[in-house]
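Notes follow once the structure below has been shown.
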Amino acid sequence: MSTDKKVRVRFAPSPTGGLHLGGVRTVLYNYLFARQHGGDFILRIEDTDQTRFVPGAEEYIFQCLAWAGLEPDESVKQGGDYGPYRQSERKELYRAYAEQLVEKGQAYYAFDTPEELEQMRQDFKTEQNPSPQYDYQVRNKMRNSLTLSKEETDRLLKENTRHVIRIKMPENESIGFTDMIRGAVSFNTSLVDDKVLLKADGMPTYHLAVVVDDYLMKISHAFRGEEWLPSAPVHILLWKYLFGLENMPQWAHFPLILGPSGKLSKRDGAKYGFPVFAMNWTDPKTGELTEGFKEKGFLPEAFINLLAVLGWNDGTEQELFSLDELISRFSIDRVHSSGAKFDYEKAKWYNHEWIKKLAPEELTARVKDVLAARGLVVSDDPLLLKVVQLVKDRASLLTDFYDQTAYFFKTPENMDLAAIQPKWNEVKQLFFAEVIRNYELTGDWKAETLENNFKEIAAANQLKPGEVMLPLRIMLVGGKFGPHVFDIAEILGKAETIKRIQHTLGLLG
RNA sequence: GCCGCGUUGGUCAAGGGGUUAAGACGCAUCCCUUUCACGGAUGAAUCACGGGUUCGAUUCCCGUACGCGGUACCA
């Protein structure tokens, strides 16, 4: 395995649906590794399964990466010297490699129909072996170029009989490699089935495509999820047969991200109320919408941060990392080998931290978009900036800003009158009437003045400030939340403050 | 079933032959705050089990259990 060549890594998604948390983390680790080593990050579309083509899925992946700020150096979009970057467009190139293997006796043609394969699985199925594989034992009982005569095989081929090319796994050999995360890993070849390399439609399977393309695209390090570990021996063998082990990239298999009960799925998201995809994804067939982290109100900075530390840490107590910090601190050997359960509460904590950490202007710009999406258009930027600064400790998601800021810009829609009604009385009614008269005459409309006047009037009416502060808050805010009530009044201004008090008085009266 | 990979509080995790086994999220209590938060303090809670190796194992080795992944002409 070479270590001196230029670092080139790739993320190779299959465009079949929403982009999963784990997928984004794989992108992130690839990206960090590439940037750290001054290498290239390639996005390769693995669309070899035409039956699973989903319109829009590819474009969606690009949008997710753009949002996350993890854009590739080479891809269908960016271009590059190693294209095409869509495997369906590379179709013609794979067959020769598969046939080369057949010639060398390392692979063979198989003519079994799907029905015959199904029959085989039925026939060989036992309690000890519930899922029989097409392996070194059963291949002798199937219809392939190993069991058929040369003439018969040639005839079938000439007649364009539907067939696949399968790798011929050696018998009882040990295939091993060094995983950058797990160390030595090895497999017995007898236990691995003769994977299909080239499908009947002429498309390669993942197994063939991944090694051919990694070779052709000069990939130096191949990172992928742990679910690929069991098929690694096939890939290693293919490298050995086709391009030489010395040219093989270094492998690292990342741990899986788990949900509350095992493997994380979009169902978990629906069930537990948290996103699983990076961005909103609507299934074009069913029209089903699955919510994304972006729309849920996550900052890309936070999303990246929380993903980075789900399975990796730098050994210090630091938990908050910017992308740049991650680029310099990340290291594959500190990536865990065990899966991590996704904790939505902690995810929200990261977002909250980033809301506090982000530059005020930057935060405000993003809040502005979120408010606009909810139909609240704010044109006074300086005012919004002030308001956002005032309430940001109370928002852990960007979407929380709606409830936390809307009352500054429009009269509260829902008034929590129940919070004041039980203890409401004539004295308080008169008190607020006096407050209105006083505020109308107040020239210095500052929080401190308003508070002092308010308290003086309360004292004169034998009211404790605490008895009337909450009612005032409800009048201005609509509910029991928000920053210091007189700060709110100051920002609302004289006319609006008085108007809201009056309005509520009317409701209570 | 078989194969592979894992296993430190509820969760993320540091650590790695001798430690009072960090820290964070969450939770609880208190302080601050005449709201809700922020912030501060305190607390409950962990080395899956059994054998070795060793003067000494959470740490190394072997089993077992458990979890996860794979077992497709899907990736």
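A, B, ... follow the sequence lines: proteins, then strands. Residue 1 opens every chain. Bear in mind that the values here come from a model prediction, so they are computed numbers and not experimental data.
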### Message
Counting only heavy atoms and a strict 4.0 angstrom limit, can you tell me which residues of residues 482-492 of chain A come near RNA chain B?
### Response
A/Gly482, A/Pro483, A/His484
Taking the minimum atom-to-atom distance to the side chain of [X], which one of [options] wins?
X	options	result
A/Leu256	B/rA24, B/rU35, B/rC68	B/rC68
A/Phe481	B/rU34, B/rC36, B/rC73	B/rC36
A/Lys341	B/rC73, B/rU11, B/rA37	B/rU11
A/Ser131	B/rU71, B/rG39, B/rG23	B/rU71
A/Glu319	B/rG4, B/rG23, B/rC73	B/rG23

What interatomic distance, in whole Å, is found between [atom1] of [M] and the corresponding atom of [N]?
N	M	atom1	result
B/rC32	B/rG39	C1'	8 Å
B/rC12	B/rG4	P	25 Å
B/rU59	B/rG18	C1'	11 Å
B/rA48	B/rA57	P	16 Å
B/rA28	B/rU71	P	43 Å
B/rU29	B/rA65	P	43 Å
B/rC27	B/rG67	C1'	25 Å
B/rC3	B/rG51	P	26 Å

Within the distance-only criterion (no hydrogens, no angle test), does the side chain of [X] pair as donor or acceptor with the backbone N or O of [Y] below 3.5 angstrom?
X	Y	answer
A/Lys195	A/Thr205	no
A/Asp194	A/Lys168	no
A/Ser75	A/Leu43	no

### Task
Report the residue (A/Asn313 or A/Gly183) whose heavy-atom-nearest nucleotide on RNA chain B is the more 5′ of the two.
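Its nucleotide being nearer the 5' end, the pick is A/Gly183.
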### Summary
Assign each of A/Lys195 and A/Asp393 the nucleotide of RNA chain B bearing its closest heavy atom; nearer the 5' end lies the nucleotide of A/Asp393
### Query
Syn or anti for B/rC66, with syn set at within 90° of 0?
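What B/rC66 shows is an anti base, its glycosidic angle lying more than 90° from 0.
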With both distances under 3.5 Å as the test, what is the Watson-Crick or G-U wobble partner of [N]?
N	result
B/rG63	B/rC49
B/rA72	none
B/rC55	B/rG18
B/rA41	B/rU29
B/rG23	B/rC12

Heavy atoms under 4.0 Å, any strand shown: does [X] hit a base, just sugar-phosphate, or nothing?
X	answer
A/Lys356	sugar-phosphate
A/Ala340	sugar-phosphate
A/Asp112	base
A/Arg224	nothing
A/Gln128	base
A/Arg162	nothing
A/Val309	sugar-phosphate
A/Thr316	nothing
A/Asp49	sugar-phosphate
A/Gly479	nothing
A/Leu117	base
A/Phe187	sugar-phosphate

### Task
Using distance alone, with no hydrogens and no angle criterion, decide if A/Asn30 and A/Arg10 have a side-chain donor and acceptor under 3.5 Å apart.
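Judged by distance alone, the side chains do not pair up.
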### Distance-only side-chain donor-acceptor flag, A/Gln122 / A/Glu118, under 3.5 Å
yes
### Message
Can you measure A/Ile257 atom CD1 to B/rG6 atom C1' for me and round it to whole angstrom units?
### Response
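About 16 Å, once rounded to whole Å.
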### Task
Check the distance between B/rG26's P and A/Phe342's CZ and give it to me in whole angstrom.
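Computing the A/Phe342:CZ to B/rG26:P distance gives 14 Å.
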### Query
Do the ring planes of A/Phe177 and A/Phe187 sit parallel (below 30°), tilted (30 to 60°) or perpendicular (above 60°)?
parallel
### Distance-only donor-acceptor test, A/Arg182 side-chain atoms vs B/rC5 base atoms, 3.5 Å
no
### Query
Considering the options A/Ile355, A/Thr399, A/Val388, A/Val387, which one meets the side-chain contact (heavy atoms from CB on, under 4.5 Å) requirement together with A/Val367?
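Result for side-chain contact (heavy atoms from CB on, under 4.5 Å) with A/Val367: A/Val388.
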### Query
For A/Leu264, which of A/Val276, A/Leu256, A/Leu258 qualifies under side-chain contact (heavy atoms from CB on, under 4.5 Å)?
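Testing A/Leu264 for a side-chain contact (heavy atoms from CB on, under 4.5 Å) against A/Val276, A/Leu256, A/Leu258 leaves exactly one candidate, A/Val276.
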### Query
Under 4.0 Å between a Lys/Arg side-chain N and an Asp/Glu carboxylate O for A/Lys346 and A/Asp343?
no
### Task
Can you sort out the partners of A/Phe409 under ring-ring contact (aromatic ring centres under 6.0 Å, His included), two or more places apart, ordered by chain and number?
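Partners of A/Phe409 under the ring-ring contact (aromatic ring centres under 6.0 Å, His included) test: none.
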